[in-house]
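Here is the structure we will look at.
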Amino acid sequence: MNQLAMNTIRTPRHDIRNASSAPFKAKSAGRTVIVSNRVPSPNEKGATAGGLAVALADAATPGSLWFGWSGKRSQETSTSAELVEADGVTYATIDIGERDHIRYYNGFANGALWPLFHFRAGLLMFSRPDYDAYRKVNKAFAAALKPLLNPDDLIWIHDYQLMTMAAELRSLGVKNPIGFFMHIPFVPNELLDVLPPAAELLAGLAACEVVGFQRESDVKSFLGSAEKFLGVDVAADGSFAWQERRVRAVLTPIGIDAQKFAKIAERAELTGDAKRMDESLGDRALVLGVDRLDYSKGLPQRFDAFGRLLYCFPQHLRQVNFLQIAARSRQEVGSYQTLRRELDRRAGDINGEFSDFDWVPLRYMTHAVKRTAIAGFYRRARVGLVTPLRDGMNLVAKEYVAAQDSEDPGVLVLSRFAGAADELTEALIVNPFDADEVAEAIHLALTMSLEERKQRHAALAAKVNYTTAQRFCETFLGHLAKVRPN
Ligand code: ADQ
């Protein structure tokens with residue numbers, strides 16, 4: 001890619017900074033149709049749903065349509081959707097066949113794409129039947145969505161499970177503007193090359209007019225891969241011609257509703273969970289990690305770093321508790337079972353080595369915890385440990401900042417391999433592969449003056465309050481609304 005193209009990749013960030021904070025007006029141009037693998041059930045919208053669903057709640061305005069998998073596995077993948085309406089939003093879902101789901105979701109999406117796109121080529125498990133099922137499910141999604149579409153709808157597809165869906169919609173004759181947002185990182189073309197259907201997946205994305213990413217490096221990797229696998233020329237504005245349309249890569253980092261989350265955290269202080277936490281800690285400082293139990297989150301390395309902290313800085317013995325909440329996920333995928341056993345072992349090693357009869361340094365739980373309780377724990381934590389080996393964004397980092405008491409804030413220790421590190425530069429930025437560096441950062445955080453903590457937090461809070469979920473939706477849909485139908 002030429003220098004000019006690399007420079008202009010930064011333009012979208014500039015767009016975000018200047019984006020209007022007024023509510024998005026694309027509705028006059030048609031409905032927003034959101035497509036994601038999982039669709040939140042209407043009554044959990046914005047409340048208990050995961051990161052993606054919470055961030056998209058702002059795009060699901062009255063009149064819009066949210067399409068995806070019902071969460072039910074049936075005998076066969078269905079080809080027509082069931083519709084439910086709530087608060088003016090239509091939720092349209094299909095069931096996926098049991099066998100298709102295993103191959104599409106556990107097999108290709110989470111056994112091949114997820115590890116590779118998190119730079120773990122060694123964990124990639126590719127099989128043609130898995131990829132065929134992925135194509136089949138993407139095709140079924142397209143076929144079931146097509147009859148629900150109006151000519152002026154804007155279609156917004158989400159994430160790595162649905163990379164070929166736009167191409168299926170095009171082959172069914174859909175002409176609407178289509179956007180795609182990749183929640184996970186994108187890899188440089190040398191790594192993508194490992195994946196046999198790399199070119200087909202890129203062609204799937206190139207069936208969209210707008211393809212959005214979390215980080216500048218993701219935009220750059222996508223465009224570099226398009227040059228290599230599709231043979232396109234990338235123009236100075238980060239766009240390229242593919243078949244009968246122009247595809248534009250944009251930088252639209254995701255965020256949270258920070259003000260709302262801050263209120264939840266403040267209120268959480270008064271709950272029974274917060275009181276129990278206080279009583280169990282006494283005067284000890286809390287170091288907190290909150291993640292899905294996933295190898296991309298760097299949990300074994302984080303446990304080792306905590307062990308190094310206790311070994312290298314013994315002044316923290318009995319003065320600190322590390323709580324790791326790691327909700328089990330994707331338990332049907334072998335590498336996740338291995339990770340769980342590995343963490344059990346390391347937690348046992350650390351507690352065996354450093355515990356006293358009345359103090360256990362590491363608390364580790366593998367079930368999901370209510371959002372309010374997590375918000376309260378963030379607020380209580382002196383250190384937020386967010387140290388993934390690779391992460392698209394990592395919303396936990398933003399939630400931790402939003403939850404702090406600005407008069408006595410905790411310190412965020414953040415991996416430089418999380419997308420959030422591009423923005424949250426006032427955190428203590430670490431390389432999660434270096435246990436001693438992370439241990440030093442935790443020590444620094446635990447001993448940091450109130451004045452420095454307040455300064456760092458004020459800068460981080462301003463950013464988290466700026467790059468919100470609402471701004472993310474407005475910015476992406478703003479790009480899509482500019483596309484003229486073909
Ligand atoms: P995830 O990998 O799921 O998302 P993340 O961004 O951290 O990761 O969001 C997780 C959400 O689930 C947060 O809202 C968090 O509070 C919640 N959560 C995490 N652990 C939990 C637990 N143990 N119990 C209960 N709730 C828990 C993907 C990408 C990310 C990207 C998001 C959004 O991998 O990089 O930031 O999509 O684009």
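Order of appearance sets the numbers: ligands from 1, and atoms from 1 within every ligand.
The residues Arg135 and Asp100 are annotated as not salt-bridged, no charged nitrogen and carboxylate oxygen being separated by less than 4.0 angstrom.
When Asp294, Asp291, Leu293 are checked for heavy-atom proximity to atom 20 (N) of ligand 1, Asp291 turns out nearest. Comparing Leu395, Thr366, Val290 by heavy-atom distance to atom 7 (O) of ligand 1, the nearest is Leu395. Nearest to atom 23 (N) of ligand 1 by heavy atom, out of Ala469, Ala327, Ala418, Ser296, is Ala327.
The shortest heavy-atom distance from Gln214 to ligand 1 is under 4.0 Å. Under a 4.0 Å heavy-atom criterion, Phe261 is not in contact with ligand 1.
Atoms of ligand 1 found under 4.0 Å from any heavy atom of Ile325, numbered from 1 in the order shown, are 23 (N). Numbered from 1 in the order shown, with element, the atoms of ligand 1 that lie under 4.0 Å from a heavy atom of Val396 read 7 (O), 15 (C). Atom numbering of ligand 1 starts at 1 in the shown order; those under 4.0 Å from a heavy atom of Glu399 are 13 (C), 14 (O), 15 (C), 16 (O). Counting the atoms of ligand 1 from 1 in the order shown, those under 4.0 Å from a heavy atom of Val369 are 24 (N), 25 (C). Counting the atoms of ligand 1 from 1 in the order shown, those under 4.0 Å from a heavy atom of Lys297 are 1 (P), 2 (O), 7 (O), 8 (O). Atoms of ligand 1 lying under 4.0 Å from at least one heavy atom of Gly392, given by number and element, are 35 (O). Listed by number with element, the atoms of ligand 1 under 4.0 angstrom from any heavy atom of Tyr378 are 16 (O). Each of the atoms 1 (P), 2 (O), 3 (O), 20 (N) of ligand 1 lies under 4.0 Å from some heavy atom of Arg292.
Contact annotation for Tyr160 and ligand 1: no heavy atom of the residue comes within less than 4.0 Å of the ligand. If you look at Phe117 next to ligand 1, there are no close heavy atoms at all, none under 4.0 Å. With a heavy-atom cut-off of 4.0 Å, Arg371 touches ligand 1 through its side chain alone.
Under the side chain to side chain contact (heavy atoms under 4.5 Å, CB included) test applied with Leu299, the options Arg346, Arg292, Gln324 reduce to a single match, Gln324. In summary, of the residues considered (Tyr104, Tyr105, Trp69), a side chain to side chain donor-acceptor pair (under 3.5 Å) with Asn37 occurs for Tyr104 alone. Applying the ring-ring contact (aromatic ring centres under 6.0 Å, His included) test between His183 and each of Phe186, Phe180, Phe181 identifies Phe181 as the sole match. For the pairing with Glu269, the salt bridge (charged side-chain N to carboxylate O under 4.0 Å, His left out) check across Arg380, Lys263, Arg379 returns one residue only, Arg379.
Between the side chain of Lys398 and the backbone N or O of Ile256, no donor-acceptor pair lies under 3.5 Å. Between the side chain of Thr93 and the main chain of Gly68, no donor-acceptor pair closer than 3.5 Å is present. Asn351 places a side-chain N or O within donor-acceptor distance of the main-chain N or O of Leu362, the cut-off being under 3.5 Å.
Ring geometry for Trp114 versus Tyr160: interplanar angle of 30 to 60°, hence tilted. The aromatic rings of Phe141 and Phe67 stand perpendicular to each other, their planes meeting at an angle above 60°, with 30° marking the opposite boundary. A perpendicular orientation is assigned to the rings of Phe303 and Tyr364, their planes being inclined by more than 60° (bins at 30° and 60°).
Ligand 1 has no N or O atom lying under 3.5 Å from any N or O atom of Ile184, backbone or side chain. Of the polar atoms of Ile374, none of the N or O atoms is found under 3.5 Å from an N or O of ligand 1, judged by distance alone. Checked against a 3.5 angstrom limit, the closest N/O atoms of His183 and ligand 1 fall inside it. Note: no N/O pair closer than 3.5 Å links Ile254 and ligand 1 by distance alone. For ligand 1, the polar-atom distance check finds no N/O of Phe181 at less than 3.5 Å from any of the ligand's N/O atoms.
A cation-pi geometry, defined here as NZ or CZ lying under 6.0 Å from the six-membered ring centre and within 45° of its normal, holds between Arg471 and Tyr466.
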Quiz item: Would Arg31 and Thr90 satisfy side-chain hydrogen bond (donor to acceptor under 3.5 Å, both in side chains), going step by step from the backbone distance to the final call?
Solution: CA-CA 11 Å; Arg31 291 182 307 178; Thr90 305; 5.5 Å; no
